[in-house]
Amino acid sequence: MTKKERFNKVFPILEQKFQVPITALNYETPYQLLIAVILSAQCTDVRVNIVTKELFKIVKGPKDLAEMDLKEIEKHIRSTGFYKNKAKNIQMCSRQLLEKYNGEVPNTMEELRGLAGVGRKTANVVLGDIWNIREGIVVDTHVKRLSNRIGFVKSDNPEIIEKELMKFIPKKHWFEYSHYLILHGRDKCIARKPKCEICEIKEYCKYYETNLKKNKEKS
DNA sequence: CTCCCGATAT
DNA sequence: ATATCAGGAG
């Protein structure tokens with residue numbers, strides 16, 4: 001089975017399962033989404049939402065973080081991990097927005113990448129969720145894990161994975177693909193103990209195939 | 001490549 | 001105890 005054939009089997013199943021993909025992060029404005037995504041690095045979306053629920057009561061726009069004491073920012077976001085870097089980044093990012101973009105969130109990959117704490121993954125999420133722009137495929141830890149397990153790629157490098165995926169996934173599905181894999185990764189294809197037995201796409205998954213063989217050899 | 005780093009499931 | 005969580009910067 002080629003990668004494209006495998007994709008054509010898997011994608012409709014995930015599409016049926018998750019329907020319209022929506023972000024699990026809570027926010028009211030593009031600026032708040034940007035901050036939430038920066039905070040979500042190596043942290044569960046659930047934890048980010050707990051933090052932003054309080055933070056966004058006092059942070060409505062870039063001015064609020066630009067002027068806030070760094071220690072106070074750290075105190076608010078501490079439980080998301082990497083809190084010193086993240087505090088510095090979201091404050092610097094807010095100041096950059098005020099200086100360069102009149103306080104608005106820019107809508108190009110290049111401009112977003114120039115902001116503190118914003119890498120390719122964060123930029124892709126903001127572009128997709130706010131402006132519905134498909135600049136690329138969001139490759140986070142879930143997309144990386146599932147793409148390897150299913151058999152779409154063999155790599156740990158997010159940029160290589162993104163390039164490989166773009167070869168056989170139609171551009172119109174790029175944004176949905178990431179969301180579906182992230183959702184499915186949280187639901188069934190969990191990192192530590194994947195629920196292969198009840199997985200909807202197991203018959204098209206190399207990881208399940210390998211496990212089946214191992215189990216049959218044992219018995 | 002290493003470091004950043006707390007919370008949670010196993 | 002250890003792996004893992006919507007990664008990015010130096």
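In what follows, chains are A, B, ... by sequence order, proteins preceding strands, each numbered from 1. Since the structure is predicted, the reported quantities are computational estimates derived from the model, not experimental observations.
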Could you check whether [X] gets within reach of a base, just the sugar-phosphate, or nothing at all, counting any heavy atom under 4.0 Å?
{"X": "A:L181", "value": "nothing"}
{"X": "A:V118", "value": "sugar-phosphate"}
{"X": "A:R145", "value": "sugar-phosphate"}
{"X": "A:K86", "value": "nothing"}

> Ring centroid separation for A:Y204 and A:F7, is it under 6.0 angstrom?
Replying inline: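 Between A:Y204 and A:F7, the centre distance exceeds or equals 6.0 Å.
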> Do the ring centers of A:F11 and A:Y180 come within less than 6.0 Å of each other?
Replying inline: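 When the ring centroids of A:F11 and A:Y180 are compared, they turn out to be within the sub-6.0 Å range.
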> Would you say A:K121's side chain and A:D140's backbone share a donor-acceptor pair under 3.5 angstrom?
Replying inline: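 No; judged by distance alone, with no hydrogens or angles, the pair does not exist.
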> Quick one: on DNA chain B, does A:Q42 or A:K193 contact a more 5' nucleotide (nearest heavy atom)?
Replying inline: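 Closest to the 5' end, via its nearest nucleotide, is A:Q42.
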>> For A:I190 and A:T80, find the nucleotide of DNA chain B closest to each by heavy atoms; which residue's nucleotide sits nearer the 5' end?
In response: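 Here A:T80 is the residue nearer the 5' end.
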Are [X] and [Y] within salt-bridge range, i.e. N to O under 4.0 Å?
{"X": "A:K84", "Y": "A:E74", "answer": "no"}
{"X": "A:K167", "Y": "A:E164", "answer": "yes"}
{"X": "A:E54", "Y": "A:K57", "answer": "yes"}

> Which nucleotide span of DNA chain C, 5' end to 3' end, has atoms closer than 4.0 Å to non-hydrogen atoms of chain A?
Replying inline: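 Taking any atom under 4.0 Å from a heavy atom of chain A, the span is C:dA3 to C:dA9.
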>> So is the aromatic ring of A:F82 stacked onto the base of B:dC5, judging by whether the centres are under 5.5 Å apart and the planes are under 30° apart?
In response: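 Not stacked: fails the 5.5 Å / 30° test.
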Nearest-Å distance for atom pair [atom1]/[atom2], residues [X] and [N]:
{"X": "A:N85", "N": "B:dC4", "atom1": "CG", "atom2": "C1'", "answer": "5 Å"}
{"X": "A:K75", "N": "B:dG6", "atom1": "NZ", "atom2": "C1'", "answer": "17 Å"}
{"X": "A:H76", "N": "B:dG6", "atom1": "NE2", "atom2": "C1'", "answer": "17 Å"}

> Where each residue is assigned the nucleotide of DNA chain C containing its nearest heavy atom, which of A:G117 and A:C43 is assigned the position nearer the 5′ end?
Replying inline: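 Result: A:C43.
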>> Closest-nucleotide mapping onto DNA chain C: is A:A116 or A:I22 further toward the 5' terminus? I mean the 5' end.
In response: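 Upstream on the strand: A:I22.
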> Taking the same atom, P, in C:dA6 and in B:dC4, what whole-Å distance lies between them?
Replying inline: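 The answer is 22 Å between these two P atoms.
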>> What's the gap between B:dA7 and C:dG8 when it is taken at their P atoms, as a whole Å value?
In response: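 To the nearest whole Å, 22 Å.
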> Would A:N148 and A:I161 count as a side-chain contact (heavy atoms from CB on, under 4.5 Å) if you check the C-alpha gap in whole Å, the side-chain angles of each, and the deciding distance to 0.1 Å?
Replying inline: CA-CA 9 Å; A:N148 274 287; A:I161 294 173; 4.1 Å; yes
